[in-house]
**Q** 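One structure, pasted below without further comment.
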Amino acid sequence: MDEKYFAQKIEQKWQKKWAENKTFEVEIDGTKEKFYALEMLPYPSGRLHMGHVRNYSIGDALAWYKRLQGYNVLHPIGWDSFGQPAEQAAIKKGVNPRDWTEENIRQMREQMQRLGISYDWSREIAAHRPEYYKFDQWFFLEMFEKGLAYQKDSQVNWCPKCETTLSNEQASGGVCWRCGTPVEKQARKQWFLKITAYAEELLQDMSQIEGEWAERVLTMQRNWIGKSEGAFVEFKVQSSKFKVEDSENLEFIKVFTTRIDTIYGANAIVVAAEHPIIEGNFENLTDEVKAKIEEIKIEKAKPTDYGEEVEKDGIDTGLKAINPFSGEELPIWVGNYVMMEYGTGAVMSVPAHDERDFEFAKKFGLPIRQVISEPHLVHEHHTMQALALEQSFSDYGILVHSDFWNGKTSEQAKQEMTHHAQTHGFGESAITYRLRDWGISRQRFWGAPIPIIYCETCGTVPEKYENLPVELPETAPFTGVGESPLAKVPAFYETTCPNCSEPARRETDTMDTFVDSTWYYFRYTDPHNEILPFNPEVAAYWLPVDQYIGGVDHAVMHLLYTRFWTKMMRDIGLVNFDEPVKNLLTQGMVVGESYYSEEKASYIPLDDVEIERDARGKVVQAKLKSDSSPIKVAVEKMSKSKYNGVDPDDMVSIYGADSARIFALFAAPAENELVWQETGIEGAFRFLQRVYRLVYRWHEALRVAPSGAKITTEGSLTLNARKLRRKTHQTIKRITENFESHQFNTPVAALMELSNALGDFKVEPKDANDAELFAVDEALKSLILMLTPYAPHFSEEMWEILTANSNGILQSGARFPVADEKLASADELEIPIQINGKLRSRMMATPSTSKEELERMALADAKIKEYTDGKQIVKIIVVPSRLVNIVVK
RNA sequence: GCCGGAGUGGCGAAAUCGGUAUACGCACUAGACUCAAAAUCUAGCGGGAGCAAUCCCAUGUCGGUUCGAGUCCGACCUCCGGCACCA
């Protein structure tokens, strides 16, 4: 044993051993309980960043913990290797996306191995390899058959920078999820997956994961799905000015409302510019109206700044509709605030009770009629025609000016009026969702080709299963402009129709890369299957995932898609459960200090900044070294452009992977933001050094450590030894509880306490008696085993030194220690004594000291006597082993 | 605006069921060792008063419940995250 701890030497040794012994490769084993630990698969950008390190450290800690408890642990990794950056590299540097990707994978795999993450590398997958994306295509064909994949013309989100379409989830907030560019709307034909068919189920099944997934994720998904209950109401279109075509669509205009109780307050019907009633009557509209509609359409396609309110705009079309409740004739307007994609593309405008309608009515001088009143104002509303409204009133209340329904509550009226509409055939109760189908067509090269062929005679024809995979060509002209590069590769798109064998053309769009990452973790269970995405029986053993760990940024993209995919797979018989992930841990960001110069309008590297800090380390002043101009110091997400990133490789070569991993887990709870500080990782390194010195100090003496059998009675233990054993078992108990509740920072604190206790154990190894040696042996081995999830290389090495077992902890049959409740409970306690709830004194007692005895002892306490003297004792509360509280007057 | 989450030392944070608030670490201060530095070790480290024993105040604010509240209830303030003309 070296006198000093050399991290690199130990880490290399064990990484080699693990690989040779295939320590982390697993197979189905019916005799063991399984545990599936999963981290979100990375995009192979080429370099690992600290967010990755944190992610994998958390997952690895859990994987080790479960292995040490005897579970059969599946802990795999792979690559989300299709996507934009590879294509960008091709455009900018002229490299082949495949070569670029493979090289990046190679580099990152090495980095992961240097971190010593315990993956089963035999199961590694990569999305860009034909053996994988073959099954993206397989799933597409399955869904095409079931009507879950379909093609449609629609207004899609278009990122002008990435030059491709985006799903609604990827354009959330009006910006591209990758590059942050505001998205435009474009009319395009593209392929959709029918996630909306599962909207209700996606909502309902949240009850199965409630409490196991972070609340914020469930909330985001709930909001995204956006269920709202209301009613459809049909308004007959009646035009005095124009002849309405005698088509079904045009005879009625259907409106969705959640507030049918306000229908007597409707002053107009407002429709989207794209509404069929407009198109159907376009010829008959005045030039002014036509021009306005065109203007609205153009404005809508433009990207809007995030959060910017667009001013209401619209025009009266001249068409009329009849309110089926009141029989009143209402004008039909076009409004820029009505969306074709939601509901029916038409709303009834009730300005008195809807903020947007109110704004619209004010702007165009439309009548505002209040039909819902607050209970205490009902009387006035009955006697007066209308009270002037300063703003819309959108709460529930009592109906007024609503004929038969006057005096009813909104709740009552909603029910009864919906029923009324239903029985009279002009409406029905309805539920709408904000969620829309998942558009998966991408005008890019580096993705899975969509297995569809367009034939002049047969139309849109799916590729045959036996022809999968539809492989990408070696290369394509990467110009960065225009259509998908695949549309410029005749050898790819020229094909024959699977139906009639006539010449035909392949679809040249590829699939959204989120398709690849939707089901990848099912593939891990059976990664080499050539017939199916995975064998359902194999998957049934490993899945669902027991613990999934990843960033919260995928809350409504990947995590929603994968829940949908699972339900789809269940319906085609591949899996037999509803929810793929039992427990989800959303880790916080890794942030670092950044330095911004307003003068230069750019971020500055640390080396060029001079920082003055006070005695406590707080920044007093920061300035640029070159010209002393002021610098703003902030803590932000690590990124290259902000010069505040830390390279994991540097950390590993300075402190070792184990120290980096301990810091990543210890510095903050997993869900919180983590500020990366070099002094923090130094602290972790110091801790390992202290443990190393403890092992160095004791390992020779412990070679002859007595077995537990030799020190049978507690009585033979010295006070020293007894205290140490108590600390050991208390620590085991604490750490086990922490792990079970997914707390990874507090066990480190507990381990530090145990190591401090060992450091305070002042008996010299050569002077220690059997009982003391036993206690130290137990404490040290427990410490090492419990440290394994955090610092596996270090622990392996220490274990070898302490047990002379050179094949590794797992092979030695060692298990995570189990706490002995008896030993963990203290035999001597310090009991606080309170007067009126305030701590006044303490006394020593044992857990078995009776209530009466505690009370007697407390009252006899000298300090307590001072407080009780001459006072009346009202009550004494005794909580055995906890405290005594004396209430005096 | 709507929906979530969170407010505890200089900092990251801890605190089972309502029972000794500030564990563990970082930073800092002093001391030991050293020619010196680093490393290491020892001690201190919420605020205030006091020579001291000790006392008072303190978990965003204000109330409430309780023998006892960081924890439970009510109102409010602030910060973070998400969505955003969703009818």
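To find a chain, count down the sequence lines: A is the first, B the second, and so on, and within it residues start at 1.
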**Q** So what does Lys312(A) hit on the nucleic acid, given a heavy-atom distance under 4.0 Å: a base, only sugar-phosphate, or nothing?
**A** base
**Q** Base, sugar-phosphate alone, or nothing: which one does Arg690(A) contact when heavy atoms must sit under 4.0 Å apart?
**A** sugar-phosphate
**Q** Look at the side-chain N and O atoms of Lys227(A) and state whether any lies under 4.0 Å from the OP1 or OP2 oxygen of C3(B).
**A**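 No.
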**Q** Using the closest heavy atom to pick a nucleotide of RNA chain B for each, name whichever of Asp357(A) or Ala684(A) lands nearer the 5' end.
**A** Ala684(A)
**Q** Rounded to whole Å, how long is the line connecting atom CZ of Arg840(A) with atom P of A53(B)?
**A** 16 Å
**Q** List the residues meeting side-chain contact (heavy atoms from CB on, under 4.5 Å) with Asp354(A), not counting sequence neighbours, and say none if there are none.
**A**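 Checked Asp354(A) against side-chain contact (heavy atoms from CB on, under 4.5 Å); matches are Arg356(A), Asp357(A).
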**Q** Compare the minimum distances between each of A23(B), A27(B), G68(B) and the side chain of Thr679(A), then state the nucleotide with the smallest one.
**A** A27(B)
**Q** Between Lys292(A) and Glu299(A), does any NZ, NE, NH1 or NH2 come within less than 4.0 Å of an OD or OE carboxylate oxygen?
**A**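 Between Lys292(A) and Glu299(A) there is no salt bridge, as every charged N stays at least 4.0 Å from the carboxylate O atoms.
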**Q** So, Thr849(A) versus Thr846(A): side-chain donor-acceptor pair below 3.5 Å or not?
**A** yes
**Q** By the 4.0 Å heavy-atom rule, please label Glu737(A) as base, sugar-phosphate, or nothing.
**A** base
**Q** Describe the nucleic acid contact of Phe666(A) in one word from base, sugar-phosphate, nothing, applying a heavy-atom distance below 4.0 Å.
**A** base
**Q** Please state how far atom CH2 in Trp213(A) lies from atom C1' in G81(B), giving the value in whole angstrom units.
**A** 18 Å
**Q** Taking U40(B) as the reference, what is the distance to C77(B) when you measure between their C1' atoms (whole Å, please)?
**A** 48 Å
**Q** Grab the CZ-P distance between Arg882(A) and C67(B) for me, whole Å please.
**A**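 Roughly 20 Å, once rounded to whole Å.
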**Q** Under 4.0 angstrom, heavy atoms only, what part of the nucleic acid is Asn756(A) near: base, sugar-phosphate, or nothing?
**A**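 Result for Asn756(A) = sugar-phosphate.
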**Q** Just call it for Glu671(A): base, sugar-phosphate, or nothing, with non-hydrogen atoms closer than 4.0 Å on any strand.
**A** nothing
**Q** Looking across every strand, which nucleic acid part, if any, lies under 4.0 Å from Val887(A) by heavy atom: base, sugar-phosphate, or nothing?
**A** sugar-phosphate
**Q** Are Phe663(A) and Phe685(A) close enough that their ring centers fall under 6.0 Å?
**A** no
**Q** Within the structure shown, what part of the strands sits under 4.0 Å from Met339(A) by heavy-atom distance: base, sugar-phosphate, or nothing?
**A** base
**Q** Please determine, for the side chain of Arg686(A), which listed nucleotide (C67(B), A14(B), A27(B)) has the closest atom?
**A** A27(B)
**Q** Name the closest nucleotide to the Tyr867(A) side chain, picking from C55(B), G12(B), C56(B).
**A** C55(B)
**Q** For Pro669(A) and Gly680(A), find the nucleotide of RNA chain B closest to each by heavy atoms; which residue's nucleotide sits nearer the 5' end?
**A**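 Per heavy-atom nearest nucleotide, the more 5' residue is Pro669(A).
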**Q** Provide the distance between the two P atoms, one in C35(B) and one in G44(B), to the nearest whole Å.
**A**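 Their P atoms lie roughly 28 Å apart.
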**Q** What's the NE2-C1' distance between His554(A) and G81(B), to the nearest Å?
**A** 16 Å
**Q** Using atom P in both nucleotides, what's the gap between U66(B) and C76(B) to the nearest angstrom?
**A**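 To the nearest whole Å, 24 Å.
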**Q** Side-chain donor or acceptor of Asn223(A) under 3.5 Å from a matching atom on the base of C83(B)?
**A** no
**Q** May I ask you to check whether Phe794(A) and Tyr5(A) place their ring centres under 6.0 Å from each other?
**A** yes
**Q** Taking the side chain of Ile877(A) as its heavy atoms from C-beta onward, which of G25(B), U40(B), G19(B) lies nearest to it?
**A**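 The listed nucleotide nearest to Ile877(A)'s side chain is G19(B).
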**Q** Atom CD of Gln730(A) to atom P of A23(B): distance rounded to whole Å?
**A** 17 Å
**Q** Check every strand shown and say whether Glu215(A) touches a base, only sugar-phosphate, or nothing at a heavy-atom separation below 4.0 Å.
**A** sugar-phosphate
**Q** Is the terminal nitrogen or CZ of Lys312(A) (NZ for Lys, CZ for Arg) located under 6.0 angstrom from the six-membered ring centre of Tyr337(A) and within 45° of that ring's axis?
**A** yes
**Q** At 4.0 Å (heavy atoms only), tell me whether Phe744(A) reaches a base, stays on the sugar-phosphate, or touches nothing.
**A** nothing
**Q** Which whole number of Å gives the distance between the C1' atom of C17(B) and that of C85(B)?
**A** 48 Å
**Q** Classify the nucleic acid contact of Val338(A) as base, sugar-phosphate or nothing, counting any heavy atom under 4.0 Å across all strands shown.
**A** base
